[in-house]
Protein chains: 2
Amino acid sequence: MKNHLKVLRAENNWTQAELANQLRVSRQTVNALETGKFDPSLKLAFQIARLFRLGIEEVFQDEKP
Amino acid sequence: MKNHLKVLRAENNWTQAELANQLRVSRQTVNALETGKFDPSLKLAFQIARLFRLGIEEVFQDEKP
DNA sequence: TTATGAAGTCAAGTATACTTGACTAAATAT
DNA sequence: ATATTTAGTCAAGTATACTTGACTTCATAA
């Protein structure tokens, strides 16, 4: 699963900690998502898409569908 | 998180086992999703949306956004 | 009536998402 | 030169997604 989180965050000039606060997850979770350690839950994916006012498919893309 | 899985499956006249096979998950997982026991992973949500040729937001809806 | 298929559920186990706390390294500010 | 901020990472723990195997109940078929 690919995501554009790092780019979207950069566009908003947010630190990982600031993004984490808005999503109500830990800074380490944001870092792990950006560095591809794991994929978010569906719930968190919804929150992220909502925050950036995008569709889930715009933020996340299935690599091997 | 709400989902329309049961309706979508019914529209296709599939059993839970048949749907599970296509999604490559267990029958119990499909049942648990339909009966609201838990939400799918983002990966599985993508697979489900893909199978029914819908967007993720059309199949799943965040209850308390 | 008996058998079979489908849905629902439970227990116990494994895998993955997410947490807290701590530490390093690099960049930036003082 | 020193202090602070940010990103990245690790370990250990908790929460949730998903598995297998078994069992019950209901509906329909033989």
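Below, chain A is the first sequence line, B the second, and so on; all start at residue 1.
- Here the straight-line distance linking atom CG of Asp62(B) with atom NZ of Lys43(A) works out to 7.5 Å at 0.5 Å rounding.
- Atom pair Glu34(A):CD and dT9(D):P shows a separation of 11 Å (rounding to whole Å applied).
- Comparing dA17(D), dC18(D), dT9(D) by their closest approach to the side chain of Asp39(B) singles out dA17(D).
- For the atom pair Asp39(A) CG and Glu63(A) CD, the distance stands at 8.5 Å (nearest 0.5 Å).
- Under the side-chain hydrogen bond (donor to acceptor under 3.5 Å, both in side chains) criterion, Gln16(A) pairs with Asn31(A), Glu34(A), sequence neighbours left out.
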Dump every N/O contact between nucleotides 19-21 of chain C and the protein below 3.5 Å, one line per pair.
unit_1, atom_1, unit_2, atom_2, d
dT19(C), OP1, Ser26(A), N, 3.2
dT19(C), OP2, Ser26(A), N, 2.9
dT19(C), OP2, Ser26(A), OG, 2.7
dT19(C), OP2, Thr29(A), OG1, 2.2
dG21(C), N7, Gln28(A), NE2, 3.3
dG21(C), O6, Gln28(A), NE2, 3.1

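- Counting only distance, with no hydrogens or angles, the side chain of Asn3(B) and the backbone of Leu33(B) share a donor-acceptor pair below 3.5 Å.
- Here Ile56(B) contributes atom CD1 and Glu57(A) contributes atom CD; the two are 4.5 Å apart, rounded to the nearest 0.5 Å.
- Of the residues in residues 13-22 of chain A, none lies under 4.0 Å from DNA chain C by heavy-atom distance.
- For Thr15(A), there are no side-chain hydrogen bond (donor to acceptor under 3.5 Å, both in side chains) partners, not counting sequence neighbours.
- For Asn31(A), the listed nucleotide lying nearest its side chain is dT9(D); candidates were dT9(D), dA7(C), dC18(D).
- Residues of residues 4-12 of chain B that place a heavy atom closer than 4.0 Å to DNA chain D do not occur.
- Atom CZ of Arg9(B) and atom CD of Glu18(B) lie 9.0 Å apart (nearest 0.5 Å).
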Taking it one step at a time, do Leu51(A) and Leu19(A) satisfy side-chain contact (heavy atoms from CB on, under 4.5 Å)? CA-CA 9 Å; Leu51(A) 180 61; Leu19(A) 176 54; 3.5 Å; yes

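- Atom C1' of nucleotide dA7(C) and atom CG of Leu33(B) are separated by 14 Å, given to the nearest angstrom.
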Evaluate side-chain contact (heavy atoms from CB on, under 4.5 Å) for Leu8(B) paired with Leu54(B), printing each intermediate quantity in order. CA-CA 10 Å; Leu8(B) 292 167; Leu54(B) 294 171; 3.8 Å; yes

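- In this structure, CZ in Arg24(A) is found 9.0 Å from CD in Gln47(A), a value given to the nearest 0.5 Å.
- One interatomic measurement links the two molecules: CG of Leu23(B) to P of dA17(D), which rounds to 16 Å at whole-angstrom precision.
- Residue Lys37(A) has no polar side-chain atom (N or O) positioned under 4.0 Å from OP1 or OP2 of dA17(C).
- Pairs of residues two or more places apart, or lying in two chains, that qualify as ring pair (Phe, Tyr, Trp, His ring centres under 6.0 Å) and include a residue from residues 34-61 of chain A are Trp14(A)-Phe52(A).
- Of the residues near DNA chain C, Ala32(B) and Ser41(B), the one whose nearest nucleotide (by heavy atom distance) lies more toward the 5' end is Ala32(B).
- Here dC18(D) is the nucleotide among dC18(D), dG8(D), dC18(C) with the atom lying nearest to any side-chain atom of Pro40(B).
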